[in-house]
Structures are given as C-alpha cells and as structure tokens.
Undergrad: 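Here's a structure for you.
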Amino acid sequence: MTAALRDPLISAWLWLLALSGASTLLAAAVSQGWLTGLGVTLGGAAILALAWAKARVILARYLGLAEAPFWHRGFSITLAIYALLLLGLYLIG
Amino acid sequence: MSEHLPELIAPEPPSVLDELPGDLMMWVLIVSELLVFGAGLAAFLGARIFDPEGFAAAQDALHRTGAGINTLVLVTSGFFAALGVRMAEAGRKAATRGWLAAASALGVVFLIVKFVEYADKARHGIGIETHPFYTFYYLLTGFHAAHVVAGIVILGLVSIRCVPRTVEVGAAFWHMVDLVWVLLFPVIYLLR
C-alpha cells in the first residue's frame with residue numbers, strides 16, 4: 001500500500017480525486033446556502049485554486065512535464081497567469 | 001582541410017525541445033486546443049460580468065452531481081491511459097491494450113452521462129438560445145465531448161500497433177481532454 005502511494009502516477013490520481021471531491025463539496029456548500037456573502041466569493045476563488053492545482057497535477061504527472069523542468073516551468077507560469085485571469089474575471093462578476 | 005573536419009561533424013548541442021516528452025506536433029495541438037478552450041472560458045466569465053444573476057439562475061438547471069461524477073470518471077480514465085503508456089514502455093502489449101481499452105470505456109461512460117444531461121435539458125426546453133449561459137454551455141461542453149469522441153478513436157488506433165511512441169502520443173491527447181475538463185467543469189458548473 002505504501003509502495004503504491006509512492007508511485008507518482010497513483011499519487012497523482014489520488015490527488016486528482018481528492019481535489020475534485022473538495023471542489024464538489026465547496027460547490028455544494030455554496031448552492032446549499034452554507035456559505036453566504038463574502039464566503040460565496042471566497043468559495044469560488046477556492047474552487048478556481050483547486051482547478052489550477054488539478055491542472056498542474058495533470059501537466060506534471062499524466063503529461064510527464066515533471067521530467068522536463070524547462071517546459072514544466074513554462075507551462076506552470078502560463079497556467080498561473082491564466083488562473084489569475086479567470087480569478088479576476090470571476091471577482092469582477 | 002582535414003583538421004576542420006571534426007568541427008564540421010560535431011554533434012549539435014541538445015535542444016530544450018528534446019526534453020519535451022512525446023511528440024512535438026502533439027504538444028503544438030495540445031497548446032492550440034488549450035488556447036481555444038481557454039479563450040472560451042475567459043469569454044464565458046467575461047459575459048457573466050454583465051448578467052451574474054441570470055448566469056447563476058441558468059447554472060441552477062445544470063446537473064452538478066453528474067458533472068462531478070464525470071470529473072472522477074475522466075481523471076481515472078487519464079490514470080488508465082498513463083498506465084497504458086507505462087505498459088507500452090515495458091513492452092507489454094496485451095496490458096497496454098487492456099489499460100487503453102479501460103480508458104476508452106470510461107470515455108464512453110463520460111459520453112453517456114453527458115448525453116443524459118443534454119437529454120434532460122432538451123426535455124425542459126433548454127436550448128442553445130435560451131440564455132447566453134447555455135450558448136457557452138453547449139458550445140464548450142459540446143466541443144469538449146467531440147474531443148472525447150476523437151480521443152476514444154485515437155486510443156483505439158494507437159492500440160492496434162501498440163508502439164510506445166504512438167501510445168504516448170495518443171495518451172497525451174487524452175490527457176489534454178482531461179486537462180480541459182478540470183478547468184471547464186468548475187467554471188461552467190460550480191462558480192457562483
């Protein structure tokens with residue numbers, strides 16, 4: 001079990017499941033009215049942050065960029081800028 | 001003359017392009033697809049600025065649980081495709097085909113859930129022109145579903161020869177489809 005968790009592919013998959021579950025829980029909290037006012041906005045920002053984290057895992061582990069530091073850095077920076085753009089548009093709305 | 005020969009035949013220094021996993025043309029395709037979907041999602045959030053209440057009301061008609069299940073289905077499918085690449089690199093063709101078939105099967109599950117979702121919208125009279133939210137919804141999720149169909153075909157094709165390089169290229173396309181969904185799902189279905 002521990003050896004399996006040390007496998008980068010398996011740990012990436014488990015991270016993706018956990019991050020997806022966290023996104024869905026946050027969305028449920030918002031739609032059920034458990035979060036109100038500023039909480040809704042912060043919940044939305046957290047959902048975007050989780051999406052950004054999931055995208056990073058897919059790029060690094062599924063697409064193998066963890067083995068290519070130059071490209072990993074480039075894609076990470078571009079993705080971070082794009083996530084900030086989405087966050088900005090979300091906060092304006 | 002001969003003393004200059006070693007310089008002429010000296011190997012080129014390694015390029016950063018050599019570091020890129022898989023095929024360069026697949027990465028060109030991945031980046032171009034990400035730009036298209038990225039622009040679409042940014043446009044969606046841009047349009048939402050002018051009608052946040054209307055977008056929130058329209059979003060309430062979406063089936064978030066189904067889309068959440070589809071996220072788990074697709075990231076698991078990506079995991080299976082990555083295992084397929086690993087098996088291909090180990091020269092285990094039968095195992096490669098098995099994992100790629102499992103990845104494709106989950107792709108079909110994704111499409112079935114999507115079809116049920118679209119059928120439910122149609123039953124409630126919700127179409128592409130019902131509200132700008134649904135224009136983006138149908139265009140972005142429909143275009144993504146088309147990529148899932150293409151991905152299933154590509155995984156099937158690369159399974160035939162089962163060469164590590166082609167399997168890696170096919171799996172990379174599948175991961176791109178996965179990557180787009182993890183960005184599309186929260187923006188369209190979850191953000192309030």
Side-chain angles (χ1 to χ4, degrees), chain A residues 7-10 12-21 23-31 35 40-41 43-59 61-72 74-75 78-79 82-83 85-93, chain B residues 16-22 26-27 30-31 34-35 38-39 41-52 55-56 59-60 64-65 67-72 74-76 78-83 85-86 168 171-172 174-176 178-187 189-192:
Chain A
D7 184 319
L9 265 186
I10 294 176
W13 174 55
L14 293 175
W15 269 112
L16 287 170
L17 294 182
L19 292 167
S20 301
S23 301
T24 308
L25 278 178
L26 264 172
V30 172
S31 61
L35 294 176
V40 174
T41 307
I47 286 169
L48 277 177
L50 289 167
W52 168 70
K54 280 186 276 185
R56 276 178 57 88
V57 172
I58 291 172
L59 282 169
R61 298 298 172 191
Y62 282 8
L63 279 162
L65 286 184
E67 311 296 322
F70 175 84
W71 295 101
H72 191 202
F75 272 86
T78 310
L79 184 65
Y82 179 66
L85 168 72
L86 291 185
L87 179 65
L89 289 169
Y90 168 66
L91 292 176
I92 293 169
Chain B
V16 287
L17 288 175
D18 300 331
E19 198 184 287
L20 201 57
M26 183 49 72
W27 281 100
I30 288 172
V31 169
L34 290 176
L35 286 173
L41 289 175
F44 171 83
L45 285 178
R48 177 180 168 274
I49 292 171
F50 301 101
D51 183 17
F55 270 58
Q59 192 196 52
D60 281 338
R64 292 193 184 92
T65 310
I69 290 168
N70 256 353
T71 304
L72 301 180
L74 218 48
V75 297
T76 303
F79 173 58
F80 289 168
L83 287 175
V85 173
R86 184 180 281 182
E168 191 177 16
W174 195 246
H175 296 320
M176 180 273 292
D178 201 359
L179 178 58
V180 167
W181 180 256
V182 300
L183 294 171
L184 192 153
F185 164 62
V187 172
Y189 288 83
L190 303 183
L191 282 186
R192 299 307 299 259

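In what follows, chains carry the letters A, B, and so on, assigned in the order in which the sequence lines appear, proteins first and then strands, with residues in each chain numbered from 1.
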Undergrad: Would you confirm whether W71(A), through its side chain, and V16(B), through its main-chain N or O, come within 3.5 Å as a donor-acceptor pair?
TA: yes
Undergrad: To the nearest 0.5 angstrom, please state how far the CG atom of L79(A) sits from the CG atom of L183(B).
TA: 6.5 Å
Undergrad: Please flag which part of L85(A) lies under 4.5 Å from any non-hydrogen atom of chain B: side chain, backbone, both or neither.
TA: side chain
Undergrad: Who are the ring-ring contact (aromatic ring centres under 6.0 Å, His included) partners of Y82(A), not counting sequence neighbours?
TA: none
Undergrad: Contact between W27(B) and L65(A) at the side-chain level, heavy atoms closer than 4.5 Å - yes or no?
TA: yes
Undergrad: So, for V75(B) and W13(A), which heavy atoms are closest and what is the spacing to 0.1 Å?
TA: O-CD1, 3.8 Å
Undergrad: Spell out, as yes or no, whether a donor-acceptor pair under 3.5 Å connects the side chain of E19(B) to the backbone of F70(A).
TA: yes
Undergrad: Between atom CG of L34(B) and atom CG of L59(A), what is the distance when rounded to the nearest 0.5 Å?
TA: 7.5 Å
Undergrad: Check whether any side-chain heavy atom of I47(A) lies under 4.5 Å from a side-chain heavy atom of Y189(B), and answer yes or no.
TA: no
Undergrad: Given the options L9(A), L19(A), L48(A), which has more heavy-atom pairs under 4.5 Å with chain B than any of the others?
TA: L9(A)
Undergrad: Below 4.5 Å, heavy atoms only, C-beta onward: do T76(B) and L16(A) meet side chain to side chain?
TA: no
Undergrad: Between L86(A) and L45(B), what is the shortest heavy-atom contact and its length?
TA: O-CD1, 3.5 Å
Undergrad: What I'd like to find out is whether the side chain of L26(A) reaches to under 4.5 Å of the side chain of L190(B), using heavy atoms alone.
TA: no
Undergrad: As an exercise, state the distance from CE of M176(B) to CD1 of I58(A), rounded to the nearest 0.5 Å.
TA: 11.5 Å
Undergrad: To the nearest 0.5 Å, tell me how far S20(A) OG sits from I69(B) CD1.
TA: 12.5 Å
Undergrad: With a 4.5 angstrom heavy-atom cut-off, is it the side chain or the backbone of L89(A) that approaches chain B, or both, or neither?
TA: both
Undergrad: With a 4.5 Å limit on heavy-atom distance, are the side chains of I30(B) and L63(A) in contact?
TA: yes
Undergrad: Output all residues satisfying side-chain hydrogen bond (donor to acceptor under 3.5 Å, both in side chains) with R56(A), sequence neighbours left out; order by chain, then residue number.
TA: S76(A)
Undergrad: Has the side chain of Y62(A) got a donor or acceptor atom that lies under 3.5 Å from a matching backbone atom of A172(B)?
TA: no
Undergrad: Can you say whether F185(B) sits under 4.5 Å from chain A via the side chain, the backbone, both, or neither, judging by heavy atoms?
TA: side chain
Undergrad: In terms of heavy-atom pairs under 4.5 Å, which option from L72(B), V187(B), V180(B) contacts chain A the most?
TA: L72(B)
Undergrad: Which answer fits R192(B), side chain, backbone, both or neither, if we ask what part of it has an atom under 4.5 Å from a heavy atom of chain A?
TA: both
Undergrad: Please find the pair of heavy atoms, one from P21(B) and one from G64(A), that lie closest to each other, and give the distance.
TA: CG-O, 3.6 Å
